[in-house]
Participant: 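Here it is, the structure, as structure tokens.
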2 protein chains.
Amino acid sequence: MATIKQVAKRANVSVATVSRVMNNNGYVSAEAREAVERAIADLDYAPNRVARSLFTKTSGLIGLIMPDITNPFFPQLARAIEDVANQHGYQVVLCNTDEQLAKEQTYLVALQTMHVDGLIITTNHSDNPNYEKLELPMVALDRIVKSGIDAVISDGYEGGRLAAETLLACGATKLAQIGGPEQLQTVKRRTDGFLDVAGDRLVGMTHSSFTFKEAVTASKHLFDAYWPFDGVFAANDVIAAAVLQEAVRRNVRVPEDLQVIGYDGIELGEMTSPPLTTIAQPIYEMGRRATERLLDLIEKREIETKEILLPVTLTERQTTKRKGQDT
Amino acid sequence: MATIKQVAKRANVSVATVSRVMNNNGYVSAEAREAVERAIADLDYAPNRVARSLFTKTSGLIGLIMPDITNPFFPQLARAIEDVANQHGYQVVLCNTDEQLAKEQTYLVALQTMHVDGLIITTNHSDNPNYEKLELPMVALDRIVKSGIDAVISDGYEGGRLAAETLLACGATKLAQIGGPEQLQTVKRRTDGFLDVAGDRLVGMTHSSFTFKEAVTASKHLFDAYWPFDGVFAANDVIAAAVLQEAVRRNVRVPEDLQVIGYDGIELGEMTSPPLTTIAQPIYEMGRRATERLLDLIEKREIETKEILLPVTLTERQTTKRKGQDT
DNA sequence: TCATAATGTGTAACCGGTTACATATCAATG
DNA sequence: CATTGATATGTAACCGGTTACACATTATGA
């Protein structure tokens, strides 16, 4: 790799001039510019970002802290973030914390010492004090933070309502629900919305983490404890897939005997049989907005903290009947 | 963030001494060491990795180049890579190239200028000349590269054979296949293995990319063009899910009328109805091995290039019958 | 006891960029 | 014509680490 000094030498100018043409600032004569450009091309020169970083204290790196990229909700988020970051010349550093405070802490110092320019956090320790004392631009994604940190989330309460309304509109009368991890506020809102609409038509309810395995257990439990019911709202699509599987196992026909609505709108929902009706979050959009917001913060285009709330939509596939159609 | 100079001052030693205790090299007296350690603790000091990087020309960064993290095969790989990297103090930079040469090229220079220590490539441009002129440790994952680059792959040919043998052993007599993208050598081997065992029992064959949408089209085509058949091998689990869905749509019972075997062993296979029998690659293990190999290369523990071939296994779920059991 | 090796520590150069500052030329202005 | 501001360029300091080298002190061995 060539250095700026070699370029300067070849172009018969000083390193300062080379730096000026690269960064397009200061005064540079046309001849000098041309000579430098030719030298850069000849040597196939690209400036050393580490050296630049040391002086400018910016790295072009964004830290992405997630619980587990293996959870199918996150890859799309990661993809959106990476896309936007890349379009603006940033790279993203992937960190899986498994929700463990210790891992999170380790990453935080690693990211800080490598001078990342900002952080996107999709992790759920709602009150990790480490974040606040970190003086870094950051935005929380799909997660609600107490104070001082920007957040991009979708409207979980409305999503929960929409799920219940849809089930009811499609003729369900006995509703059940499998909620998500209770400490996740964004997830809890879905439950709240659902329950507010379901009212006393709710005949059963249980909880599950977002791993398929636990979802299977929870589904069995739901059937064992509360059957019969004719409409289920699952806190995410993975759980919904487990419900679908359990229904098949019990020879319960979907959607004829039981309607199911999931949450998230991940691709998995298209792949189940029958394809899953779900409340879709604008996942890519959420990632995009979060990253744009972060870049605004990094490049000082915005100051005041705010929360961006995105709408959810119903994706009707085949685990619900047509609306208005009765049993 | 404190600097080494501040630590030195507080400990009443020179920066050299501080550096020595941090890196645990050179001579340091017990008192000096203790003073420095106290100063480090007091100031909550962590060395600036950028500065260190500039001098040592190592960054503790690994570039991970994948087609698309959104494809459900990759997150598990990414997870394994990140786990191992992290255990050894490295961070990983995520790059999605969509198989576009231009994007790949952009990333390559970005990664190079930020002095990543190594590269893991799961991308399929089998002969991108950019890699060879890059003087960086790298290993190809789930991808075969001409020469000079280490590779970690699983035994696709054997996997294909195993799929065919299983289908046959479970009573299938008329086999069909949906192959993957033809330019992917690792995927083509699956087809080769399958065909070699299937022989003239193959009644139909088509191809598909790994997107679900295309897989649905390919599945319809397979049924339209070649039905009846009683055993299908899909080049990956996503395609198998599409086949399953199409079977339901046509009222073909699985596994009674039609047995299906997928490939990869991703979690999706557990979530379909019925759960998918599949040829499982040791995905996490592949990521782990690739990363360990890369670290060996980076830390100069290994020199000669080699290809690591990992075995695949049959994961029997419910889209195949019990072996030996006839129709 | 003296030469030599081992131990301990600081100074300064270096990594490869960016930029403040000094200096020089030239055109415009009154 | 002298003054001023715009243009152009180079020198050197700086970012925060690492380490070669110089130097001093202490231990070891003959």
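Both backbone and side-chain heavy atoms feed into the values below; hydrogens, waters and symmetry mates do not. Per chain, numbering begins at 1; letters A, B, ... match sequence-line order.
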Participant: Give one of base, sugar-phosphate or nothing for A:V28, where a contact means two heavy atoms less than 4.0 Å apart.
Facilitator: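 A:V28: backbone/sugar contact only, no base atoms under 4.0 Å.
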Participant: Check step by step if side-chain hydrogen bond (donor to acceptor under 3.5 Å, both in side chains) holds for A:T123 and A:T97.
Facilitator: CA-CA 8 Å; A:T123 249; A:T97 65; 3.2 Å; yes
Participant: With respect to the side chain of B:R52, which nucleotide from D:dG17, C:dG10, C:dG16 is positioned closest?
Facilitator: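 Between D:dG17, C:dG10, C:dG16, the one nearest the side chain of B:R52 would be D:dG17.
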Participant: For the residue pair B:T122 and B:R143, what are the closest heavy atoms and their distance?
Facilitator: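 Of all heavy-atom pairs spanning B:T122 and B:R143, the closest is C-CD, 4.4 Å.
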Participant: How many angstroms lie between CD in B:E82 and OH in B:Y90, if you round to the nearest 0.5 Å?
Facilitator: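 Reported value, rounded in 0.5 Å steps: 14.5 Å.
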Participant: Closest approach to the side chain of A:A16, judged atom by atom: which nucleotide of C:dG16, D:dT11, D:dT18 is it?
Facilitator: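 Between C:dG16, D:dT11, D:dT18, the one nearest the side chain of A:A16 would be D:dT11.
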Participant: For A:Q112 and D:dG16, what is the distance between atoms CD and P respectively, to the nearest whole Å?
Facilitator: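 Distance, rounded to whole Å: 14 Å.
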Participant: In whole angstrom, what separates A:M1's CE from C:dG17's P?
Facilitator: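 Interatomic distance, CE of A:M1 to P of C:dG17: 9 Å.
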Participant: To the nearest Å, how far apart are B:Y27 OH and D:dT19 C1'?
Facilitator: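 Checked: the OH to C1' distance equals 15 Å.
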Participant: Counting the atoms with a prime plus P, OP1 and OP2 as sugar-phosphate, which does A:V13 contact under 4.0 Å by heavy atoms, base, sugar-phosphate, or nothing?
Facilitator: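 Result for A:V13 = sugar-phosphate.
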Participant: Is there a side-chain contact between B:K57 and the phosphate of C:dG16, meaning an N or O under 4.0 Å from OP1 or OP2?
Facilitator: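 Yes, B:K57 has a side-chain N/O under 4.0 Å of OP1/OP2 on C:dG16.
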Participant: Measure CG/B:L54 against P/D:dC14 and give the value in whole Å, please.
Facilitator: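 Those two atoms, CG and P, are 17 Å apart.
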Participant: Going by modelled atom types, is there a donor-acceptor pair between the base of D:dG10 and the side chain of A:R20 at under 3.5 Å?
Facilitator: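 By the distance-only test, yes, there is a pair.
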Participant: To the nearest Å, how far apart are B:I4 CD1 and D:dC15 C1'?
Facilitator: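 The distance from CD1 of B:I4 to C1' of D:dC15 comes to 13 Å, rounded to the nearest Å.
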Participant: Taking CG in B:N25 as the centre, count heavy atoms belonging to other residues, nucleotides or ligands within less than 6.0 Å. Is the count above 12?
Facilitator: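 More than 12 within 6.0 Å, yes.
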Participant: Calculate the interatomic distance between A:N24 atom CG and C:dT18 atom C1'; express it in whole Å.
Facilitator: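 Rounded to whole Å, this separation is 15 Å.
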Participant: Of the candidate nucleotides C:dT18, C:dG16, D:dT19, which contains the atom at the shortest distance from the side chain of A:V15?
Facilitator: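 It is C:dT18.
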Participant: Taking the minimum atom-to-atom distance to the side chain of A:F55, which one of D:dG16, C:dT19, C:dG8 wins?
Facilitator: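 Output: C:dT19.
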Participant: A:N12 CG to D:dA8 P: how many Å, rounded?
Facilitator: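 Rounding to the nearest Å, CG of A:N12 and P of D:dA8 are 18 Å apart.
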Participant: Does the pair B:D98/A:R79 count as a salt bridge with the N-to-O cut at 4.0 Å?
Facilitator: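 So B:D98 pairs with A:R79 through a salt bridge.
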Participant: Kindly point out which of D:dG10, D:dG17, C:dG8 is positioned nearest to the side chain of B:S29?
Facilitator: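 Nearest to the side-chain atoms of B:S29, counting from C-beta on, is C:dG8.
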Participant: Look at the side chain of A:N48 and decide which nucleotide, out of C:dG16, D:dG16, D:dT18, has an atom nearest to it.
Facilitator: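 Given the options C:dG16, D:dG16, D:dT18, the side chain of A:N48 is closest to C:dG16.
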Participant: Can you measure A:N23 atom CG to C:dG16 atom P for me and round it to whole angstrom units?
Facilitator: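 The distance from CG of A:N23 to P of C:dG16 comes to 17 Å, rounded to the nearest Å.
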Participant: Hey, which of these two, A:T3 or B:T17, hits DNA chain C nearer its 5' end, going by closest nucleotide?
Facilitator: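 Its nearest nucleotide being more 5', the pick is B:T17.
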